[in-house]
Peer 1: 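Okay, here's the structure, questions in a sec.
Predicted model only: the values in this text are computed from it and were never measured.
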Amino acid sequence: MATELTKAALTALRTKQAEDQLAPVLTRAITKNGIKATSYDNQAASRLDRTFSIDLPTGKVSNQKHSGRCWEFSLLNTLRHKFATKYHVKDFELSQNYLFFWDKIERANMFYRNVEQTARQPINDRLVQFLFDNPGEDGGQWAMAASLVQKYGVIPASAMPETFNTTNTSDFQEVMSRKLRKDGLKLRQLVMDGADEAELQSLEKSMLQEVYRIAVYSFGEPPMTFDLEYRDDDKNYHREAGLTPQDFYQNYFDTDLDDYVVVTNSPDKPLNQLYSLPDEDNVIGGKPIEFLNVDMGVLTDVAVQQLKSGETIWFGNDVLRQMDRKAGYLDAHLYESAKLFGINGHLTKAQRLQTGEGEVSHAMTLTGVDIVDDTPTKWKVENSWGEANGDKGYFVMTQDWFDEYVYEVVVHKQFLAPEFQALLKEPARRLPAWDPLH
């Protein structure tokens, strides 16, 4: 057990440190340049060359700017790649603003329901605290974006372009979170006072109208119809007037999102199980957030299979670990900060998840992989941070980084072996809202 740090104990620390002959030069280097720069592996570039045996054509990257909408961007990227290939329209882009608008409305509606259902639990209950922590947040899951597409369809970016508040969402988050917290407290009190269903629904309706107003003022109102107009890569002109967003998705996209599954590697919990995260669902009656938890080898194999089929992949990861943003490098050994200090700082993937270090912090798109002797060595990654990072917005990721910091890939269930497809039919085990996969 730790005891008081006495003067003798502190003197012993200083004396022991004085024995380190490298201390003066390392102190100079680290204090001058910082920990990351001093421990950076300059040989990483040789591991991260940008030649891939499978390299799908995708075009210009998108830019989420100062927002947490990566989960929407990545799904829309996989859809726009299909549109671009099918209709020969390079750099076609779908409206992220459109889905973001409807997420705000649906998420507020879900918040009201969740608050009512937990109204008799103490305000400091862990789930209640989770609900009230940041109800206006941007972050989300693949299934949340899929639910929005299935219900509302999609539209071209030109039909509902970005606004100041979609590219810089902090002010909107602040306003929306405060409003929802106040609404939530009022709903909790009404439930505890014995209000009937009609009274609660009437109040929720007026609250949701205010949410809608805030979203319209901030993002613009989504069009009910639009005119699709574009020139393909052969300069042929195309136009179809009066499309609804749902018609556009159904008529121009052949992707049934119900055929896809989130394949996860979360070794802090039993493998070969289906899990759910219902406290993060954003659409009442929408697609549930579910994960099929498997060994990393299975996850890697299904990702390779889908890329070989010509389809890009939504994937969830912890992008801030071992990343050189400017160069666009993701390498598990890019920074050796622990070795710099002569310590063993390694945590396993499971340990990082168990202790809160590991999390799914970002979503990007896999567009290529380099296979050598039937083994993937590195991956091509389409990010949504604009063209100033990496190679015009594209990152390159080693297999080591993939193993350590990739947690989810979304693939067509046809690529799963029969025993894993069978698991999809079993009841999902419910995860708590604060699970690191959230």
Peer 1: Charged N to carboxylate O below 4.0 Å: is that the case for Asp400 and Arg47?
Peer 2: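 Not counted as a salt bridge, because no side-chain N and carboxylate O are separated by less than 4.0 Å.
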Peer 1: Is the closest side-chain heavy-atom distance between Gln141 and Phe291 below 4.5 Å?
Peer 2: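 They are in contact (side-chain heavy atoms under 4.5 Å apart), so the answer is yes.
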Peer 1: Around atom NE2 of His346, are there more than 12 heavy atoms from other residues, nucleotides or ligands closer than 6.0 Å?
Peer 2: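 More than 12 within 6.0 Å, yes.
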Peer 1: So, Arg69 and Asp103, do they make that salt bridge, N to O below 4.0 Å?
Peer 2: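 No, Arg69 and Asp103 are not salt-bridged.
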Peer 1: Is it true that Glu404 and Arg321 have a side-chain N and a carboxylate O under 4.0 angstrom from each other?
Peer 2: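 Looking at Glu404 and Arg321, the cut-off is not met.
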Peer 1: Would you mind telling me which of Asn114, Leu180, Asp183 makes a side-chain contact (heavy atoms from CB on, under 4.5 Å) with Pro135?
Peer 2: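 With Pro135 as partner, Asn114, Leu180, Asp183 yield a single side-chain contact (heavy atoms from CB on, under 4.5 Å), made by Leu180.
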Peer 1: Could you tell me if the ring centre of Phe132 sits under 6.0 Å from that of Phe111?
Peer 2: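 Judged by ring-centre distance (under 6.0 Å), Phe132 and Phe111 do meet the cut-off.
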Peer 1: Whether Glu382 and Arg80 form a salt bridge (side-chain N of Lys/Arg under 4.0 Å from carboxylate O of Asp/Glu) is what I want to check.
Peer 2: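 Answer for the salt bridge query: yes.
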Peer 1: What is the ring orientation for Tyr98 with Tyr152, classed by angle as parallel under 30°, tilted 30 to 60°, or perpendicular over 60°?
Peer 2: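 The arrangement is perpendicular - the two ring planes meet at more than 60°.
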Peer 1: Does this structure show an ion pair linking Lys378 with Asp49, if we count only N-O contacts that are shorter than 4.0 Å?
Peer 2: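 Result for this pair is yes, salt bridge flagged.
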Peer 1: Are Phe92 and Tyr87 an aromatic pair by the rule of ring centers under 6.0 Å?
Peer 2: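 Not under 6.0 Å, so no.
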Peer 1: Are a donor atom and an acceptor atom from the side chains of Asn293 and Thr264 found within less than 3.5 Å of each other?
Peer 2: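 Checked: Asn293/Thr264 side chains show no N/O donor-acceptor pair below 3.5 Å.
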Peer 1: Looking at CG of Asp324 and NZ of Lys36, how far apart are the two atoms once the value is rounded to the nearest 0.5 Å?
Peer 2: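 It is 9.0 Å, given to the nearest 0.5 Å.
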Peer 1: Going by the salt bridge (charged side-chain N to carboxylate O under 4.0 Å, His left out) test, name the single residue among Asp281, Asp256, Asp258 that passes it with Lys287.
Peer 2: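 Exactly one option meets the salt bridge (charged side-chain N to carboxylate O under 4.0 Å, His left out) with Lys287, and it is Asp258.
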Peer 1: Does a sphere of radius 6.0 Å around CD in Gln21 hold more than 12 heavy atoms from other residues, nucleotides or ligands, not counting ones at 6.0 Å or beyond?
Peer 2: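 Result for CD/Gln21: open.
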Peer 1: Is the terminal nitrogen or CZ of Lys86 (NZ for Lys, CZ for Arg) located under 6.0 angstrom from the six-membered ring centre of Phe253 and within 45° of that ring's axis?
Peer 2: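 No, Lys86 does not lie over the aromatic ring of Phe253.
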Peer 1: Which class fits the ring pair Phe402 and Trp379: parallel under 30°, tilted 30 to 60°, perpendicular over 60°?
Peer 2: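 Answer is parallel, since the angle falls under 30°.
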Peer 1: Answer yes or no: is there a donor N or O on one side and an acceptor on the other, between the side chain of Asp403 and the main chain of Met296, under 3.5 Å?
Peer 2: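 Flag not set: sc Asp403 to bb Met296 has no pair under 3.5 Å.
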Peer 1: Cut-off 3.5 Å, side chains only: do Asp138 and Thr169 have a donor facing an acceptor?
Peer 2: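 Side-chain D/A pair, Asp138 to Thr169: present.
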Peer 1: Is it the case that Asp133 and Gln129 place a side-chain donor and acceptor less than 3.5 Å from each other?
Peer 2: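 Checked: Asp133/Gln129 side chains show no N/O donor-acceptor pair below 3.5 Å.
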Peer 1: Quick one: does any side-chain atom of Glu137 pair with a main-chain N or O of Gln173 as donor and acceptor, under 3.5 Å?
Peer 2: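 No; judged by distance alone, with no hydrogens or angles, the pair does not exist.
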Peer 1: With a 4.0 Å cut-off, would you call Asp268 and Arg352 a salt bridge?
Peer 2: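 Salt bridge: no.
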